[in-house]
Structures are given as structure tokens and as C-alpha cells.
S.K.: 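Sharing a structure with you now.
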Number of protein chains: 2
Amino acid sequence: MAVICTRPDPLGMDDIDEAIIRCVLRNARATYAQIGKAAGLSPSAAKRRLDRLVATGAIRGFSALVDPQAMAWHTEAFVEVYCTGNPTPAELTKALHDIPEVIEACTVSGAADAMLYMLARDIPHLEQAIQRVRSTALVDRTESAIVLSRLLTRPRL
Amino acid sequence: MAVICTRPDPLGMDDIDEAIIRCVLRNARATYAQIGKAAGLSPSAAKRRLDRLVATGAIRGFSALVDPQAMAWHTEAFVEVYCTGNPTPAELTKALHDIPEVIEACTVSGAADAMLYMLARDIPHLEQAIQRVRSTALVDRTESAIVLSRLLTRPRL
DNA sequence: CGTGAAAAAATAGCGTT
DNA sequence: AACGCTATTTTTTCACG
């Protein structure tokens, strides 16, 4: 039984909020004056909007885009996870949360159940972290693709 | 012939720079006073360091971490790319640069040549964007895993 | 790199629609 | 409920030691 789910606006967003998000996606250190100009608002209104977007969770935080080569941890990998049984997303999240090398995790369509993006100091460290993922009761096997070189990185616009 | 490559410091970074990077990774909107406190520096010295990290490319930029559900573009996919022949990384970069739906691209170990992270409005839009990737002369075939739900996202610490 | 002064921005309060 | 305006505080910025 298919259900047409029309939920275009679950977080109560409008065009102004979108303009603000586009602005801070491009530059998270933009001033409220700049954000306001991008959204057609005064600086104080822009601040109130941005604070609200953070409070409601639409914006999770602000981070730097760092060249991995510049960091101590610069070994990256995409890891496909195949599960045993049918763990719920919540169970998987809980299991992966304690492994700090797992930076991002998503359930995906296709043969694999989940895709991880992992970051470690070096190959031995990565191998050990993948071992920890595997040792999770929920995980059957993994398939890793280690990043050799980064071709492209851009803000999500 | 294996070569032991000791290149611990390709970008001329020290512990202070690392502390600064850790700070702005956690919060890109931190003030120079906060960054300075994290690195044991005065605000003006912290600004000079941060400006230099951006100028040298160690920090590529600052962005917001946005809940994809809050955006108009909220269909994500990981796409494995298998190439024809042996294109250089530079050729691949050039080819993918014009496809705005490709947010990240890396060459990887394993069967696939590259891994893409793509972002589109919806499934039809994603399909069309993947078609553009495929139509690139360098690409033989692709294998996509569409993101169903996001389990985990954290700053790269 | 730190200091200190001047300029710019962030913040909080207030009146308006 | 959300905006713009204004006054105050904080931060940024830059020349100098």
C-alpha cells in the first residue's frame, strides 16, 4: 500500500531560510550583515533566523573544510557494510557511535546495507577501526575502498 | 622498489596550527579569542594563523552542516565509477567539475576507479545527473547506492 | 608574537506592523 | 510572531614595539 507523503516543509522553512542556509554553506564565517544581504534582511533579523535554524536542528553546526593531508588523520575510506539479520537503523547507529573513526554512516539501497565514510591516521589504524566495525554483532562483512587521491570537494550548493 | 617516504609536514604545520584546525572543525564560527584560547595564542595571532591556513590551502573554506531534509536538494548517493582506459586524476577532475551534483570525488583502491558523493533534488534529478557522469567519455559504467537514511554525521575530529 | 586603539560586528532592548 | 532600528558590548583589524 503506497502512501503519497507530501511533507515539503517539515521544519517550517521558507525562502528566506533557504537563502540563509545557502549563504552559510558557502561561507560559515559570514557576518550577519552579509547573511542578511543574501536573504534581504537586516543583520539582527538574520541573526534571529540563523539562531532559530540552529535551535531547530536544520543547521547541525559549522565546520571547516580541511585538506586531509594537513591533518594527522589523513587516511580515508568508504566502507560498505553487509549486516546479519535485519538490524534497525537505530541499532546500527548505536553500534557505530562508539567508533570515532566512523565520520559518516548512511543506510543505502543496493546490495550493501550501509555505507560508512571513515577517517584514520594511517592504514594500520584504519584496518584496526574496520576490525572494530566488523566485530560489531550486527555486521556480517565489509568491503572497503581506500581513498587514493581527492579529485573534488565542494560545498553542498 | 619500495621507498620510505617521510613527509610528516608537507604544509609546514605545527601543533598550534593543529589546535586551530581542531577548534574551527568543531565550530567554524568561533571567535578569534576562542580560537586563540584553544591554541594558546592572542586573538590577533590566532587570526594571522587562521588566515595563513586558508591562504596555504590547508583550510579550503568554512561551511554549515545542514540537515539534508531541510534543503531543497535532499537526495544523496554514493556512486562507484569504473573508467575506460586509464584517465589521469586531472582528467577525471576536469570532467566531473562541470557536474554540480557531484559534491565529492576521490580515486579509490579496489575494483572501482573512483567514488563520488552526489546530491540532487530528487530521484529523477539524481538519475539525470548520473546520466551526465556516464556520458563522460572517460566513464565506462557506474554503480549507485542511494542514501536511505542518515545514521551518523560528525565533525572530523 | 603581543599590545592597544580604531573600526566593524554582535548582541539585547524597544517600538512597529 | 517577526521585522527594523538603536544603543551598548564585544570582536575584528591593523600599525607598532
Side-chain angles (χ1 to χ4, degrees), chain A residues 6-67 69-72 155-157, chain B residues 7-74 155-157:
Chain A
T6 48
R7 197 185 52 164
D9 200 356
L11 286 157
M13 302 247 312
D14 60 10
D15 294 345
I16 295 176
D17 288 322
E18 273 216 31
I20 289 171
I21 287 177
R22 273 201 305 276
C23 181
V24 292
L25 274 175
R26 189 163 46 228
N27 175 21
R29 288 184 74 77
T31 66
Y32 293 116
Q34 293 173 303
I35 297 166
K37 179 171 282 184
L41 270 102
S42 70
S44 49
K47 171 180 164 46
R48 281 189 290 255
R49 288 268 192 162
L50 187 63
D51 288 346
R52 198 182 48 166
L53 287 168
V54 172
T56 60
I59 296 178
R60 283 188 219 280
F62 304 93
S63 188
L65 304 174
V66 178
D67 183 343
Q69 296 296 341
M71 294 200 299
R156 294 152 155 68
L157 268 177
Chain B
R7 196 186 51 165
D9 199 356
L11 285 155
M13 302 246 314
D14 60 10
D15 293 345
I16 296 176
D17 287 324
E18 273 215 32
I20 290 172
I21 286 177
R22 272 201 304 276
C23 181
V24 292
L25 273 175
R26 190 164 44 229
N27 175 20
R29 287 183 73 79
T31 67
Y32 293 115
Q34 293 172 303
I35 297 166
K37 178 171 282 183
L41 254 56
S42 71
S44 49
K47 173 182 162 46
R48 281 191 291 257
R49 289 268 192 163
L50 187 63
D51 287 348
R52 191 167 54 109
L53 287 168
V54 172
T56 61
I59 297 178
R60 285 189 218 278
F62 305 94
S63 189
L65 304 173
V66 177
D67 183 343
Q69 295 296 339
M71 293 201 299
W73 291 30
H74 55 260
R156 295 153 158 69
L157 271 177

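To find a chain, count down the sequence lines: A is the first, B the second, and so on, and within it residues start at 1.
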S.K.: Given atom CG of A:Leu41 and atom P of D:dA1, what is their separation to the nearest angstrom?
M.R.: 18 Å

S.K.: If I take atom SG from residue A:Cys23 and atom NZ from residue A:Lys37, how far apart are they, to the nearest 0.5 angstrom?
M.R.: 11.0 Å

S.K.: Does a side-chain N or O from A:Lys47 land closer than 4.0 Å to OP1 or OP2 of C:dT11, or not?
M.R.: yes

S.K.: Where the side chain of A:Arg48 is defined as all heavy atoms beyond and including C-beta, which of C:dA10, C:dG13, C:dT3 is the nearest nucleotide?
M.R.: C:dG13

S.K.: What integer distance in Å separates A:Tyr32:OH from D:dC3:C1'?
M.R.: 17 Å

S.K.: Please evaluate residues B:Asp14 and B:Arg49 with respect to the criterion side chain to side chain contact (heavy atoms under 4.5 Å, CB included), reporting the C-alpha separation (whole Å), side-chain torsions for both, the decisive distance (0.1 Å), and the verdict.
M.R.: CA-CA 11 Å; B:Asp14 60 10; B:Arg49 289 268 192 163; 3.0 Å; yes

S.K.: In whole angstrom, give the distance that lies between atom CG of A:Asp51 and atom C1' of C:dA12.
M.R.: 12 Å

S.K.: From A:Ile16 CD1 over to A:Ile21 CD1, what is the distance, rounded to the nearest 0.5 angstrom?
M.R.: 12.5 Å

S.K.: Using whole Å, report how far CZ of A:Arg29 lies from C1' of C:dA8.
M.R.: 14 Å

S.K.: Stepwise, does the side chain to side chain contact (heavy atoms under 4.5 Å, CB included) test hold for B:Leu25 with A:Met71?
M.R.: CA-CA 11 Å; B:Leu25 273 175; A:Met71 294 200 299; 3.9 Å; yes

S.K.: To the nearest Å, give me how far apart NZ (A:Lys37) and C1' (D:dG4) are.
M.R.: 17 Å

S.K.: Whole angstroms only, please: what is the CG-C1' distance between A:Asp14 and D:dC3?
M.R.: 13 Å

S.K.: With respect to the phosphate group of C:dC1, does any side-chain polar atom (N or O) of B:Arg49 fall under 4.0 Å of OP1 or OP2?
M.R.: yes

S.K.: What's the closest nucleotide to the A:Ser44 side chain, out of C:dT3, D:dT12, C:dA12?
M.R.: C:dA12

